[in-house]
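Here's the structure, in C-alpha cells; my notes come after.
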Amino acid sequence: RLFSKGFIALPSIAALSVLLSIIVDVADVPVYSCMTNSWKAKILGSGKATKDDAVAFIKRKGWIGTHDAADACCMALYGFKKSALLKEAK
C-alpha cells in the first residue's frame, strides 16, 4: 500500500518507482498508470471499493484469486474501457 489511513509509505513508493522505470526502460511494451479510485469506480462501481469488493467481482466472473490478484484483474479490465484515464509512463 502506498497510502493508507493518512500514512504515506515513501519507501514503497520509491521501490515501485524504480521497478516501473526498469520495466519502461527494458521492456518494449507501453506501460500505463492510473488513479486507483478511477479504475475502482469504472470496474467496481465505487471509487471507494475495497479489496473484498474486487474479490467478489472476479468471483462473479468465474475467476478466483487473492486480494492482490483480484485488484490486478480489475486494473487489467480497466485498460479496455474507452473512458479509462490512463497516463503512459515514458
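Computed from heavy atoms alone, side chains included, the values below leave out hydrogens, waters and symmetry copies. Residue numbers count from 1 along this sequence.
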- With sequence neighbours excluded, what pairs up with I58 under the side chain to side chain contact (heavy atoms under 4.5 Å, CB included) test? W63, A70, C73, C74
- Query: Can you check whether D52 reaches H67 side chain to side chain, under 4.5 Å on heavy atoms?
  - Reply: yes
- Heavy-atom nearest pair, A49 first then K40, reads O-NZ, 2.8 Å
Between [atom1] of [X] and [atom2] of [Y], what distance do you get to the nearest 0.5 Å?
| X | Y | atom1 | atom2 | answer |
| --- | --- | --- | --- | --- |
| K81 | L86 | NZ | CG | 12.5 Å |
| Y78 | T36 | OH | OG1 | 10.5 Å |
| L77 | L44 | CG | CG | 9.5 Å |
| K42 | L85 | NZ | CG | 7.0 Å |

- Query: Quick one: salt bridge (charged side-chain N to carboxylate O under 4.0 Å, His left out) partners of D68, sequence neighbours excluded?
  - Reply: K51
- Query: With clusters built from Ile, Leu, Val, Met, Phe, Trp and Tyr whose side-chain heavy atoms come within less than 4.5 Å, directly or transitively, what are the remaining members of the cluster of V26, listed by chain and number?
  - Reply: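 Hydrophobic cluster check, V26: joined to V18, I22.
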- Message: Please say yes or no: joined through hydrophobic side-chain contacts below 4.5 Å, possibly via intermediate residues, are M35 and L16 part of one cluster?
- Response: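 In one cluster: no.
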- Joint cluster assignment, F80 & W39, ILVMFWY side-chain distance < 4.5 Å: no
